[in-house]
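Numbering of residues begins at 1 and proceeds along the displayed sequence. Just follow the structure's listing: the first ligand is 1, and inside any ligand the first atom is 1.
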Amino acid sequence: MAILLTGGMGFIGSHTAVELIKEGYEVIIADNLSNSSKKVLERIETITGVKPLFYEIDVAVKEDVMKVFEENEVQGVVHFAGYKSVPESTRIPLAYYRNNLDTALSVLEVMKEKNCKTFVFSSSATVYGDKNKAPFNEEMPTSTSTNAYGNTKLMIEQIVRDFAASWEELSAILLRYFNPIGAHPSGLIGEAPDGIPNNLMPYITQTAVGVREYLGVFGTDYDTPDGTGVRDFIHVVDLARGHVAAINYALKTQGVEAINLGTGKGNSVLEVVSTFEKANDLKIPVKLLPRRPGDIATSFALADKAKKLLGWKAELTLFDMCKDSWNWQKNNPKGYED
Ligand code: NAD
Ligand code: UDP
């Protein structure tokens, strides 16, 4: 009996593979390597002593997903596969709808046909939109977004709810991630963005390693303690453990639950920069810039539901996140490239 991780070679999937293996689960990864490297597999093996079975397939192709189910006993699926760049999704929205919706649909169709009843989905805090006030809780209304990426998350949440309404035995968890950063403390796996990073932490680490000249801080006039944006940064290892807890729970239950994975605490962009500087004894040159279109001032989770239902809460600090992000970047200045 195995847990299938679609997109399991990526940033969050690879950390989840490690934590699931540590808990004794057999892990299978299906990934087309569109945003990841095959080297991840051997790194997972170095950390855990186990090399997961790997299928290099496009998860949007149902027949290929079916093959994985026919060759293995899949107990549950964690569905990470998808495109994730907000700005890219505004440039090529159809590619985002095509890939993110088709991958989800083919996985759900195969699960139904093969009677696999446990599904965990990588959703996002972006579904809370710009009208709710933080802390965001799972009962708040969700809303469409100004970008196609966010809309695919909202649509897939709805698809899963409709599907669950038609199939009582399904157990589905919609995990709404806040801002995952950090890396495995071994420095062997981490976030390896292609090209110029959009997200804060990879931009900071690339500035520290000298690939970028300075960090642009987007917006200093928000209604926040220091005027810069506030986010709920969560260590990717904590997030990965949240998936183990979600799988443990989903294997025993039925129905759909949306659950936040966050720390419950917000930190500003400038707090992240100063913690990074302290944790690593480095200086990050910054340039204060205007707001980035589409950003909200403050986002952080109410993390009580995850504690109550899954018995999970984030343990690692912003200091840990900054240390581990830098440890990964300095050991792998070009990500997984040689
Ligand atoms: P990632 O890009 O590192 O991982 C996604 C993986 O999916 C990659 O390895 C990629 O090759 C694979 N993939 C994409 N399309 C595929 C396809 N058609 N068939 C097979 N494999 C495919 O991203 P991540 O940061 O690990 O995020 C994982 C999931 O979590 C994504 O769905 C993302 O939208 C979601 N999420 C991420 C964040 C974040 O900040 N990283 C926040 C909220 C939600
Ligand atoms: N940010 C920044 N400079 C960057 C990247 C991000 O100031 O180069 C800010 C951004 O405006 C937001 C916060 O950092 O306030 C987190 O942004 P990120 O893109 O990492 O995540 P988001 O919450 O937007 O998904």
Sub-4.0 Å heavy-atom approach of Gly219 to ligand 2: no
Those atoms of ligand 2 less than 4.0 Å from some heavy atom in Gly229: 15 (O)
Ligand 2 contact on Leu215 by region, counting heavy-atom pairs under 4.0 Å: side chain
Partners passing ring pair (Phe, Tyr, Trp, His ring centres under 6.0 Å) against Phe80 (at least two apart in sequence or in another chain): His243
First-shell residues of ligand 1 [heavy atom, distance under 4.0 Å]: Gly7, Met9, Gly10, Phe11, Ile12, Asp31, Asn32, Leu33, Ser34, Asn35, Ser36, Ile57, Asp58, Val59, Phe80, Ala81, Gly82, Lys84, Asn99, Thr103, Ser122, Ser123, Ser124, Tyr149, Lys153, Tyr177, Pro180
Option with minimal heavy-atom separation from atom 4 (C) of ligand 2, where the choices are Phe178, Phe218, Phe233, Tyr203: Phe218
Trp328 ring center near Tyr336 ring center (under 6.0 Å): yes
Option of least heavy-atom distance to atom 22 (P) of ligand 2 (set: Val286, Thr126, Asn179, Thr207): Asn179
Residues 49-61 side chain polar contacts: donor-acceptor under 3.5 Å, at least two apart:
{"unit_1": "Tyr55", "atom_1": "OH", "unit_2": "Glu71", "atom_2": "OE1", "d": "2.7"}
{"unit_1": "Tyr55", "atom_1": "OH", "unit_2": "Asn72", "atom_2": "ND2", "d": "3.0"}
{"unit_1": "Asp58", "atom_1": "OD1", "unit_2": "Ala60", "atom_2": "N", "d": "2.8"}

Numbered atoms of ligand 2 (with element) below 4.0 Å of Val269, judged on heavy atoms: 7 (O), 9 (C), 13 (C), 14 (O), 15 (O)
Residues Asn332 and Arg43: side-chain donor-acceptor under 3.5 angstrom: yes
Residues clustering with Phe300 (ILVMFWY side chains joined when closer than 4.5 Å, directly or via others): none
